[in-house]
Amino acid sequence: MRSRLAQLWRSMPVRLALLLVLLFSTVSLMGLAASYAVTQNSFEAAIRADLEQDIAGFRAAPNARAVALLVDAESRDADPSRVVLSYITPSGRIYGNGAIARDDEGYHIVSLAEGRAEYDGVYLSLTTRLYGGQLTVARSRAQIEGLRTVFLNILLISLLPTVLVALSGGLYLARRSKRHVDVIGRTLDDLTTGDLAARVAVSPGWADDLQRIGSKVNQMAGAQEAQTQMLRQVSSDIAHDLKTPIQRVAVHLDDLARTLPEDTDEGALLAKAQDEVAGIASVFQSLLQIASVEAGSPKTHFAPVDLNRLCLTLTEVYDPAAAAKDQTLDSVVPDAQLTVEGDKNLLGQMMSNLLENAMRHTPAGSEITLTLYRANDRPVIEVADNGPGIPEHARTKVLQRLYRLDASRHTPGNGLGLSLVEGVVKLHGGQIALLDNAPGLRVRITL
């Protein structure tokens with residue numbers, strides 16, 4: 001689960017969504033900050049204009065006593081939390097609902113009632129000399145302070161849903177894009193493992209760039225499949241065309257062998273020539289058989305095959321040859337019968353090739369085991385040995401036609417045995433895996 005979430009967070013749609021959210025948030029913050037600054041300045045300008053208007057109204061009074069009476073009258077109806085009026089007469093008497101006091105912390109507005117309580121809040125004030133006294137009018141900045149809360153609420157209401165919607169959209173697009181990328185990835189994996197018929201199933205709902213990538217992958221796969229089929233056809237045609245002349249050469253050599261004694265130099269040379277021709281004929285026969293298997297033509301002969309009996313029979317057949325090389329050949333077969341729809345001869349040849357390879361490439365004293373069992377409701381065949389094995393980097397290469405390891409260059413064989421095994425496995429809809437037997441090689445075939 002964590003790995004899937006990590007892949008989503010690393011995906012390009014999520015990164016683009018985060019980038020767009022960051023960009024939109026920055027623009028929104030800048031816009032709201034500018035709006036807040038403009039609105040704040042407008043409110044302060046309006047308050048200052050009201051203060052100047054208030055001062056102008058008091059200036060209309062004819063003398064200090066009239067100003068004092070006017071301030072005293074208006075202060076009775078004024079809310080001190082909004083407006084504070086104060087007039088200090090030339091004699092030092094204070095009229096109004098508050099007065100400005102100063103201490104070490106700065107200016108404060110205190111009530112003129114008993115107790116001299118200090119008013120809370122922030123005020124904008126305007127003070128002027130009038131008729132020998134001092135007139136002060138202060139208006140609360142509560143509206144401006146409340147404006148900050150309003151803008152914070154607007155920011156949360158507008159920005160938070162946008163962030164959530166953008167991230168949700170990014171995650172949705174990322175998961176959708178990941179599914180499409182996984183389709184392309186699985187197709188590439190199939191092509192890498194040799195399934196040249198694999199194609200990307202491009203649907204109309206895909207993005208244009210992924211559609212182009214999928215089409216290019218299909219185009220590449222089609223070209224690779226056509227080229228591979230052409231090469232296979234060429235090898236099959238060559239094998240088919242040369243099969244008859246080689247058989248004729250073999251017949252002529254057999255006829256010549258009847259006229260030459262085996263104990264002469266000519267007879268020994270003729271025997272070597274017959275062995276070489278037989279090897280060449282075996283190569284061409286294997287190539288033709290692989291081509292037939294890959295074409296799928298043996299499927300017409302599919303029938304139920306008893307794998308238990310087939311494994312036991314092959315063990316009995318190859319046990320004398322293994323004993324002659326001082327090797328041990330065992331079979332492990334379950335009591336329950338395992339059957340599969342297939343070609344009995346091809347399945348038998350497949351297991352024969354695996355047993356012959358194990359016997360050929362392991363030294364004397366080696367142990368070879370043919371195992372049959374069921375896993376995930378599918379029959380599994382394993383041929384394991386404790387010989388030198390195959391290096392991990394070469395396990396896919398040995399399935400190619402005519403490929404041989406350097407250590408096997410001087411042993412009998414033509415490099416087509418495992419290619420035929422793979423062809424038979426694919427014909428039966430199975431998988432083949434070459435594993436480390438620590439030591440040795442374990443070939444696992446799931447049908």
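Using a 4.0 Å cut-off between charged side-chain N and carboxylate O, Glu422 and Lys426 make a salt bridge.
Distance CZ/Arg199 to OG/Ser215: 12.0 Å, rounded to 0.5 Å. Atom-to-atom distance recorded for Leu338:CG and Asp306:CG is 8.5 Å, nearest 0.5 angstrom. Considering OG1 of Thr39 and CD of Glu44, their distance stands at 11.5 Å, rounded to 0.5 Å. Interatomic distance, Leu347 CG to Ser352 OG, rounded to the nearest 0.5 Å: 10.5 Å. Leu329 CG to Ser366 OG: the interatomic distance, rounded to the nearest 0.5 Å, is 12.0 Å. Atoms CG and CG, from Leu314 and Leu354 in turn, are 10.5 Å apart once rounded to the nearest 0.5 Å.
Looking only at side-chain heavy atoms (C-beta outward), Val137 and Val84 stay at 4.5 Å or farther from each other. Using a 4.5 Å heavy-atom threshold, the side chains of Glu341 and Val305 count as separate. A 4.5 Å side-chain heavy-atom check between Tyr318 and Leu370 finds every atom pair outside the cut-off. Looking at heavy atoms from C-beta onward, Phe43 lies out of side-chain contact with Arg141 at the 4.5 angstrom threshold. Residues Arg309 and Gln337 are not in side-chain contact: their nearest non-hydrogen atoms beyond the backbone lie 4.5 Å or more apart. Two residues are said to be in side-chain contact when any heavy atoms from C-beta on lie closer than 4.5 Å; Tyr373 and Glu382 meet this criterion. Side-chain atoms of Thr128 and Arg59, non-hydrogen and from C-beta on, do get closer than 4.5 Å to each other. Counting only heavy atoms from C-beta outward, the side chains of Val340 and Leu307 approach each other to under 4.5 Å.
Each of Leu70, Asn63, Val71 was scored for a side chain to side chain contact (heavy atoms under 4.5 Å, CB included) with Val67, with one residue passing: Val71. A side chain to side chain contact (heavy atoms under 4.5 Å, CB included) with Tyr87 is found for exactly one of Asp72, Ile94, Thr136, Leu135, namely Leu135.
Judged purely by distance below 3.5 Å, without hydrogens or angles, the side chains of Thr127 and Gln134 never pair a donor atom with an acceptor atom. Counted by atom type alone, Arg139 and Ser125 present zero donor-acceptor pairs between their side chains at under 3.5 Å.
The ring-ring contact (aromatic ring centres under 6.0 Å, His included) test applied to Phe151 returns Tyr36, not counting sequence neighbours.
The two residues Gln327 and Ile368 make their nearest non-hydrogen contact at OE1-CD1, 4.0 Å. What you find for Ala78 and Val83 is that their closest heavy atoms are CB-O, 4.2 Å. For the pair Ile432 and Val425, the tightest heavy-atom approach, listed with the atom from each and the gap, is N-CG1, 4.0 Å. Residues Gly387 and Thr362 share a closest heavy-atom pair of CA-CG2, 3.7 Å. Nearest approach of Pro363 to Pro388, heavy atoms of both residues: CD-CD, 4.1 Å.
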side-chain contact (heavy atoms from CB on, under 4.5 Å) between Val332 and Thr369: does it pass, once the steps are laid out? CA-CA 7 Å; Val332 179; Thr369 306; 4.1 Å; yes
Could you go step by step and tell me if Met351 and Ile381 meet the side-chain contact (heavy atoms from CB on, under 4.5 Å) rule? CA-CA 9 Å; Met351 286 188 264; Ile381 302 170; 4.1 Å; yes
Chi angles and distances behind the side-chain contact (heavy atoms from CB on, under 4.5 Å) call for Leu126, Asp54: CA-CA 9 Å; Leu126 188 61; Asp54 294 337; over 6 Å; no
Criterion side-chain contact (heavy atoms from CB on, under 4.5 Å) on Tyr131 and Thr89, from CA distance to verdict: CA-CA 8 Å; Tyr131 298 117; Thr89 64; over 6 Å; no
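In this structure, Asp385 contributes its side chain and Glu367 its backbone to no donor-acceptor pair below 3.5 Å. Between the side chain of Asn437 and the main chain of Ala384, no donor-acceptor pair closer than 3.5 Å is present.
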